[in-house]
Amino acid sequence: MKVNAQSVNFNADRKLIDFLQNRMDKLETFYDKVISSDVYLKVENTSSKENKIVEIKLNIPGDKFVIKKQCKTFEEAVDSCCNSLERKLIKHKEKSRVQA
């Protein structure tokens, strides 16, 4: 899957990008028709520890899913987003199977 990652207000580490790519590749086991994804990694300027924001836009044929999570670390936020996307993809696959 093509993953377009953009880090806003900071430079993303190579390990973070690799982690992101591996985690996003696992989504294809749930739904194999994923076209591409846009991932936005943001750091919010607050005193709160939970200032890492990950927003994932997943493009599939005929639909688009957008998930946004805010956590202490980017890895935790990516994991949380991907878990939500897994559930959404499974629901979407079941709906399309029922309609067919």
Side-chain angles (χ1 to χ4, degrees):
M1 173 195 336
K2 182 180 180 290
V3 177
N4 180 22
Q6 295 181 358
S7 51
V8 181
N9 296 335
F10 76 103
N11 292 327
D13 189 12
R14 184 81 231 154
K15 286 193 295 188
L16 178 60
I17 299 298
D18 290 342
F19 173 80
L20 177 64
Q21 181 70 49
N22 288 338
R23 194 66 177 90
M24 295 298 290
D25 286 342
K26 289 180 185 173
L27 290 177
E28 288 188 317
T29 61
F30 296 96
Y31 192 73
D32 57 354
K33 295 182 178 93
V34 176
I35 300 168
S36 66
S37 60
D38 297 318
V39 181
Y40 302 96
L41 307 168
K42 302 174 189 170
V43 178
E44 203 173 58
N45 290 333
T46 62
S47 58
S48 170
K49 287 190 186 283
E50 290 195 359
N51 65 343
K52 313 290 190 297
I53 301 170
V54 173
E55 185 176 346
I56 300 177
K57 295 180 182 176
L58 196 70
N59 298 314
I60 60 172
D63 212 347
K64 184 183 285 189
F65 296 134
V66 179
I67 301 286
K68 187 175 185 179
K69 299 286 182 181
Q70 185 168 350
C71 295
K72 290 179 184 174
T73 65
F74 282 116
E75 287 83 357
E76 185 182 351
V78 167
D79 246 5
S80 182
C81 281
C82 287
N83 288 339
S84 295
L85 282 170
E86 286 170 8
R87 287 192 299 275
K88 278 190 174 286
L89 287 172
I90 289 169
K91 269 187 187 176
H92 181 77
K93 193 174 183 179
E94 287 173 358
K95 278 185 183 176
S96 63
R97 213 182 268 151
V98 168
Q99 291 173 353

Report task. Quick one: do Met24 and Val34 satisfy side chain to side chain contact (heavy atoms under 4.5 Å, CB included)? Show the steps, please. Result -> CA-CA 10 Å; Met24 295 298 290; Val34 176; over 6 Å; no
Report task. Kindly say whether Val66 contributes a backbone atom to a donor-acceptor pair with the side chain of Glu55 at under 3.5 angstrom? Result -> no
Query raised in the report: Hey, what do you get for NZ (Lys33) to CD (Glu28), rounding to the nearest 0.5 Å?
Result: 12.0 Å
Requested in this report: Please name the pair of heavy atoms, one in His92 and one in Phe65, separated by the smallest distance, quoted to 0.1 Å.
Outcome: CB-CZ, 3.9 Å
Query raised in the report: Where do Thr29 and Lys26 come nearest, in terms of heavy atoms and distance?
Result: OG1-O, 2.6 Å
**Report entry** Pairwise distance OG1(Thr73) to CG(Asn51) - rounded to 0.5 angstrom
**Finding:** 10.5 Å
Query raised in the report: Near Asp18 CG, under 6.0 Å, is it more than 12 heavy atoms from other residues, nucleotides or ligands?
Result: yes
Query raised in the report: In terms of hydrophobic clusters joined by side-chain contacts under 4.5 Å, are Val3 and Leu41 together?
Result: yes
**Report entry** Cys71 versus Ala77, closest heavy-atom pair with distance
**Finding:** SG-CA, 3.7 Å
Report summary line: When rounded to the nearest 0.5 Å, the distance separating NZ of Lys68 from CD1 of Ile53 is 5.5 Å
Query - Donor-acceptor under 3.5 Å (Ser80 side chain, Glu76 main chain) - result: no
Query raised in the report: Is Val43 reachable from Tyr40 through a run of hydrophobic residues whose side-chain heavy atoms are each under 4.5 Å from the next?
Result: no
Report summary line: In this structure, CG of Leu27 is separated from SG of Cys81 (nearest 0.5 Å) by 10.0 Å
Query raised in the report: Can you hop from Val39 to Tyr31 via hydrophobic side chains spaced under 4.5 Å?
Result: yes
Report task. Looking only at non-hydrogen atoms, find the nearest pair between Ala12 and Ser7 and report the distance. Result -> N-OG, 3.5 Å
Requested in this report: Answer with yes or no after comparing the ring centroid distance for Phe74 and Phe10 against a 6.0 Å cut-off, counting only values under it.
Outcome: yes
Report task. Check the pair Leu89 / Ile60 against side chain to side chain contact (heavy atoms under 4.5 Å, CB included), numbers first and verdict last. Result -> CA-CA 9 Å; Leu89 287 172; Ile60 60 172; 4.2 Å; yes
Report task. Supply the atom-to-atom distance Asn11 CG to Leu16 CG, rounded to the nearest 0.5 angstrom. Result -> 11.5 Å
Report summary line: Residues passing the side-chain contact (heavy atoms from CB on, under 4.5 Å) test with Asn83, sequence neighbours excluded, are Arg23, Glu86, Arg87
Report summary line: Taken to the nearest 0.5 Å, the spacing of Lys88 NZ from Leu58 CG works out to 10.5 Å
